[in-house]
Amino acid sequence: MIEILNSARLERARDTGALVGNILHTLKQRSTVGTNLLDIDQWAKEMITEAGAQSCYVDYAPSFGRGPFGHYICTAVNDGVLHGRPHNYTLADGDLLTLDLAVARGGVAADAAISFLVGKARPAESVAMIETTERALAAGIAAAKPGARIGDLSHAIGTVLGKAGYPINTEFGGHGIGSTMHQDPHVANTGRPGRGYKLRPGLLLALEPWVMADTATLVTDADGWTLRSATGCRTAHSEHTIAITDNGAEVLTLPTQARS
C-alpha cells in the first residue's frame with residue numbers, strides 16, 4: 001500500500017515527526033557511560049505515553065522477528081545495526097549506540113534513527129562511519145523531489161556509501177510510511193536512477209542508510225530480533241522521515257533544536 005497524505009494528515013505527520021525527533025534528542029543526551037539499555041527503553045515508554053502517542057514496536061511481529069518485539073525503542077550497540085532489542089547491557093566509553101524509534105500519533109506514524117558514540121572515546125573509524133550514513137541520508141533527501149523516482153534516491157544514497165568503501169546490504173532499507181510504520185515503496189540503499197515509483201506530493205518516506213564496516217552479511221542474535229554484522233565489525237544507521245512537497249523534501253523528524 002502506498003498512501004498519499006492530504007494537507008490535514010500532513011500536519012499530523014509534522015506533529016508526530018517532531019515528537020520522534022525530540023524523544024531521540026533527549027535519549028541521546030541521557031545515554032551516557034553507565035546507562036542501561038533497559039533504562040533507555042523505559043524512558044522512551046514514559047515519553048511516548050506522556051505525549052499521548054502509541055509505540056509502533058511493542059506489538060510489532062513481522063515474519064523476520066521472533067514474536068512481538070515487546071519494547072518501545074530499538075537499541076543496537078557496536079556490531080548490532082537493526083532491530084536491536086533492549087536488554088540488560090550497561091553502556092561503556094566508546095560504545096557505538098544506535099537508537100531507532102517509530103511512534104504514531106493522530107493516526108500518522110514517523111520513524112527515525114541516530115547513531116552516536118557514548119562517552120569521551122572517539123574511534124576514528126566509528127566517527128567516519130556515522131558521518132558517512134549521515135551524508136548518505138542527506139544525499140537521499142536532496143534527491144527526493146516531485147517527479148523523481150525511488151531509484152534516484154537509492155542511487156544517491158548508494159553513491160555516498162559506495163565511495164566511502166562500505167559494502168551495501170539490500171535486504172533492509174527505507175520504506176513508505178503513513179497510517180502504519182512500514183509501507184510501500186521499498187527504498188533500497190543502492191539502486192539505478194530513473195527506476196521505480198514516481199514521487200508525488202503527500203508521500204511520506206523513511207530513508208535509512210545503514211552500513212557495516214567490512215561486510216554486507218547480517219546474522220540474527222539469539223534474541224530473535226537484533227541483526228548484527230556477520231564479522232562482528234561495527235555498524236551505523238541514520239534515518240529520517242520526510243514528506244514530499246511541491247518544493248522538494250521536508251524533513252519531519254528533526255528535533256526542535258535543529259529546526260530553523
Side-chain angles (χ1 to χ4, degrees), residues 1-3 5 9 12-13 15-24 26-27 31 36-77 79-89 97-115 169-189 204-210 218-228 235 237-242 252-253:
M1 177 177 68
I2 296 177
E3 287 185 74
L5 276 64
R9 295 188 69 218
R12 279 180 264 160
D15 174 73
T16 307
L19 175 63
V20 169
N22 287 337
I23 290 175
L24 285 176
T26 299
L27 292 175
S31 299
N36 193 288
L37 298 184
L38 293 175
D39 291 334
I40 298 174
D41 186 53
Q42 179 62 30
W43 295 335
K45 176 183 178 180
E46 291 170 357
M47 286 186 278
I48 292 168
T49 302
E50 289 171 3
Q54 300 80 43
S55 168
C56 293
Y57 292 159
V58 171
D59 298 323
Y60 186 50
S63 59
F64 55 79
R66 185 189 300 161
F69 187 71
H71 292 270
Y72 288 77
I73 190 167
C74 294
T75 58
V77 182
D79 64 325
V81 65
L82 298 173
H83 315 150
R85 201 163 186 265
H87 60 285
N88 184 22
Y89 175 82
L97 174 63
T98 296
L99 301 178
D100 189 349
L101 178 69
V103 304
R105 187 162 67 173
V108 182
D111 190 2
I114 53 174
S115 288
N169 177 293
T170 56
E171 294 173 80
F172 296 93
H175 50 89
I177 187 169
S179 57
T180 57
M181 174 175 57
H182 283 152
Q183 300 181 356
D184 291 329
H186 174 69
V187 188
N189 284 326
L204 298 189
L205 295 172
L207 305 183
E208 49 181 313
W210 59 274
L218 292 164
V219 293
T220 304
D221 191 85
D223 65 12
W225 275 99
T226 306
L227 295 178
R228 301 186 181 277
T235 68
H237 177 194
S238 295
E239 179 180 14
H240 272 309
T241 294
I242 64 172
L252 303 182
T253 45

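Source: prediction; values computed, not measured.
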Flag side-chain contact, heavy atom, 4.5 Å: [X] against [Y]:
X      : Y      : result
Asn189 : Trp210 : yes
Thr26  : Trp43  : no
Leu37  : Leu97  : yes
Cys74  : Trp225 : no
Met1   : Ser179 : yes
Leu227 : Thr220 : yes

Partners of [X] by salt bridge (Lys or Arg N to Asp or Glu O under 4.0 Å), sequence neighbours excluded?
X      : result
Asp79  : Arg228
Glu171 : none
Arg85  : none

Euclidean distance, [Y] [atom2] relative to [X] [atom1], rounded to 0.5 Å:
X      : Y      : atom1 : atom2 : value
Leu205 : His240 : CG    : NE2   : 14.0 Å
Glu3   : Ile177 : CD    : CD1   : 10.0 Å
Ile73  : Ile23  : CD1   : CD1   : 8.0 Å
Asn22  : Leu27  : CG    : CG    : 11.0 Å
Asp59  : Gln54  : CG    : CD    : 11.0 Å
Leu218 : Leu82  : CG    : CG    : 6.5 Å

Minimal non-hydrogen separation, [X] against [Y], with atom names:
X      : Y      : value
Cys56  : Ala104 : SG-N, 3.9 Å
Tyr72  : Ser55  : CD2-CB, 3.6 Å
Arg12  : Val108 : CB-CG2, 4.1 Å
Ala109 : Thr16  : C-CG2, 4.1 Å
Ser31  : Leu99  : OG-CD1, 4.4 Å
Thr75  : Pro86  : OG1-CA, 3.3 Å

request  = May I ask you to check whether Ser115 and His237 show a side-chain donor-acceptor distance below 3.5 Å?
outcome  = no

request  = Decide side chain to side chain contact (heavy atoms under 4.5 Å, CB included) for Phe172 and Val81; before the verdict, give the C-alpha distance in whole Å, the side-chain angles of both, and the deciding distance to 0.1 Å.
outcome  = CA-CA 11 Å; Phe172 296 93; Val81 65; over 6 Å; no

inquiry  = Tell me if a side-chain donor or acceptor on Arg66 pairs with a main-chain N or O of Ala222 at a distance below 3.5 Å.
reply    = yes

ask   = So, the side chain of Thr253 versus the backbone of Gly17: is there a donor-acceptor pair under 3.5 Å, distance only?
value = no

Among Thr241, Asp184, Asp111, side chain to side chain donor-acceptor pair (under 3.5 Å) partner for His175 = Asp111

message = Can you classify the ring geometry of His87 versus Tyr89 as parallel (below 30°), tilted (30 to 60°) or perpendicular (above 60°)?
response = tilted

request  = Anything under 30° is parallel, anything over 60° is perpendicular, the rest tilted; go ahead and classify Phe64 against Tyr60.
outcome  = perpendicular

message = Assess the residue pair Met47 and Leu19 against the criterion (side chain to side chain contact (heavy atoms under 4.5 Å, CB included)); give the C-alpha distance rounded to whole Å, side-chain angles, the decisive distance to 0.1 Å, and a yes or no.
response = CA-CA 9 Å; Met47 286 186 278; Leu19 175 63; over 6 Å; no

